[in-house]
Amino acid sequence: MTNITASSRRRARGARFTSLLLAGSAVFALAGCATAADAEPTPAADAVTIEGAWVKTGDDGMTAAFGTLANESDADVTVVSVESDASPTLELHETLENEAGQSVMREVESGFTIPANGTLELSPAGNHIMLMELPEPVLAGDDVTFTLRFSDDSTLEFDALAKDYAGANEEYEPGEGDDMDHSDMGHDDMSHDDAAHDEHGDS
């Protein structure tokens, strides 16, 4: 009887030890899952780069900046605004035809979306960054600094080289509630249909 009781006790202690090990493993596994779930997502600005950034020279009025935005993350990211010391007013613009068949520029109030693991081209005849009410000329060879702000409030700063670019005019078509005077604001000498132009700018 004594041997049976001792053996039973050893088995009971072994079972309790195994249960404790399993319980501990479960706690660590749950903690690991919680840590992964609670991890902060990568800021949009850390996933985005810009290549071939350039800005059209301009004496006054307004001009525009171009380049190719690349998103290296697995989620779409959205540029909601842009700032630069070169202009007090900047907008994210698209180019499209209005009801009269004219090529016009219009603000994209929802911002620019860069697809996951994809790119967004900013170019004449397409999406671009518009600089308005230039306080001083943007001259060929200038480096103009821009700061993009994303929907998660992260920011990306980049420089764009100013280059001469001649072409046709385009009119600005203000959106609802836009009370600024844009009567003299066209893409002065900026062609959006010159297929021979290199988007990265030929001086």
Side-chain angles (χ1 to χ4, degrees), residues 42-73 75-96 104-116 118-167 170 172-175 178 180 182 185-192 197-203:
T42 301
D46 290 350
V48 174
T49 58
I50 185 165
E51 295 183 358
W54 65 282
V55 58
K56 178 190 176 292
T57 57
D59 293 329
D60 53 25
M62 68 182 184
T63 189
F66 313 98
T68 300
L69 293 164
N71 175 12
E72 298 177 355
S73 74
D76 294 352
V77 298
T78 302
V79 180
V80 294
S81 64
V82 59
E83 297 178 353
S84 175
D85 289 340
S87 169
T89 305
L90 290 91
E91 293 181 356
L92 306 175
H93 275 199
E94 62 181 348
T95 305
L96 68 167
V104 297
M105 301 173 293
R106 184 179 298 167
E107 182 179 13
V108 183
E109 296 184 359
S110 59
F112 290 156
T113 297
I114 312 170
T119 60
L120 176 70
E121 187 175 7
L122 305 180
S123 65
N127 296 323
H128 53 273
I129 296 170
M130 181 59 58
L131 297 80
M132 299 179 169
E133 303 175 323
L134 295 176
E136 57 185 48
V138 175
L139 304 176
D142 286 351
D143 279 322
V144 181
T145 301
F146 294 86
T147 302
L148 299 179
R149 184 171 298 278
F150 297 89
S151 56
D152 64 357
D153 213 34
S154 62
T155 59
L156 172 67
E157 185 175 291
F158 69 92
D159 291 333
L161 180 65
K163 299 184 178 185
D164 291 329
Y165 177 42
E170 264 175 350
Y172 175 79
E173 185 170 276
D178 186 347
M180 291 178 63
H182 299 295
M185 288 186 177
H187 264 234
D188 157 66
D189 293 330
M190 183 176 296
S191 172
H192 284 248
H197 174 69
D198 177 359
E199 285 173 13
H200 298 315
D202 291 332
S203 298

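- The distance from the CD atom of E133 to the CG atom of L90 is 10.5 Å, given to the nearest 0.5 Å.
- Taking every heavy atom of both residues into account, A64 and M130 meet most closely at CB-CE, 4.1 Å.
- Between L148 and V82 the shortest side-chain heavy-atom distance falls below 4.5 Å.
- Contacts of D143 classified as side chain to side chain donor-acceptor pair (under 3.5 Å), with partners at least two apart in sequence or in another chain: none.
- At least one side-chain heavy atom of E94 sits less than 4.5 Å from a side-chain heavy atom of N127.
- Distance alone, capped at 3.5 Å, is enough to place a donor-acceptor pair between the S87 side chain and the M132 backbone.
- Listed by chain and number, the residues in a side-chain contact (heavy atoms from CB on, under 4.5 Å) with E157 are T145, T147 (sequence neighbours excluded).
- The two residues F112 and H128 come nearest to each other via the heavy atoms CZ-O, 3.5 Å.
- Here the straight-line distance linking atom CD of E91 with atom CD of E107 works out to 4.0 Å at 0.5 Å rounding.
- Qualifying salt bridge (charged side-chain N to carboxylate O under 4.0 Å, His left out) partners for D153, counting only residues two or more places apart in sequence or in other chains: R149.
- Put simply, NZ on K56 and OG1 on T63 are 5.0 Å apart, with the number rounded to the nearest 0.5 Å.
- Residues satisfying the side chain to side chain donor-acceptor pair (under 3.5 Å) test with S81, not counting sequence neighbours, are none.
- Using a 4.5 Å cut-off on side-chain heavy atoms (C-beta onward), V79 and V48 make no contact.
- Considering CG of L69 and CD1 of I50, their distance stands at 4.5 Å, rounded to 0.5 Å.
- Side-chain contact between L131 and F146 is present, with at least one heavy-atom pair separated by less than 4.5 Å.
- Smallest separation of non-hydrogen atoms from A45 and F150: CA-CE1, 3.7 Å.
- Residues passing the side chain to side chain donor-acceptor pair (under 3.5 Å) test with S154, sequence neighbours excluded: D152.
- Among all heavy-atom pairs drawn from L134 and G58, the shortest one is CD1-O, 4.1 Å.
- Taking each heavy atom of P137 and D142 in turn, the nearest pair found is O-OD2, 4.2 Å.
- Scanning all heavy atoms of the two residues, the minimum distance from A44 to V77 falls at CB-CG1, 3.7 Å.
- For the pair S84 (side chain) and A86 (backbone), a donor-acceptor distance under 3.5 Å is present.
- In this structure N71 satisfies the side chain to side chain donor-acceptor pair (under 3.5 Å) test together with S73, sequence neighbours excluded.
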For V144 and D159, run side chain to side chain contact (heavy atoms under 4.5 Å, CB included): C-alpha distance rounded to whole Å, both residues' side-chain angles, the deciding distance at 0.1 Å, then the answer. CA-CA 5 Å; V144 181; D159 291 333; over 6 Å; no

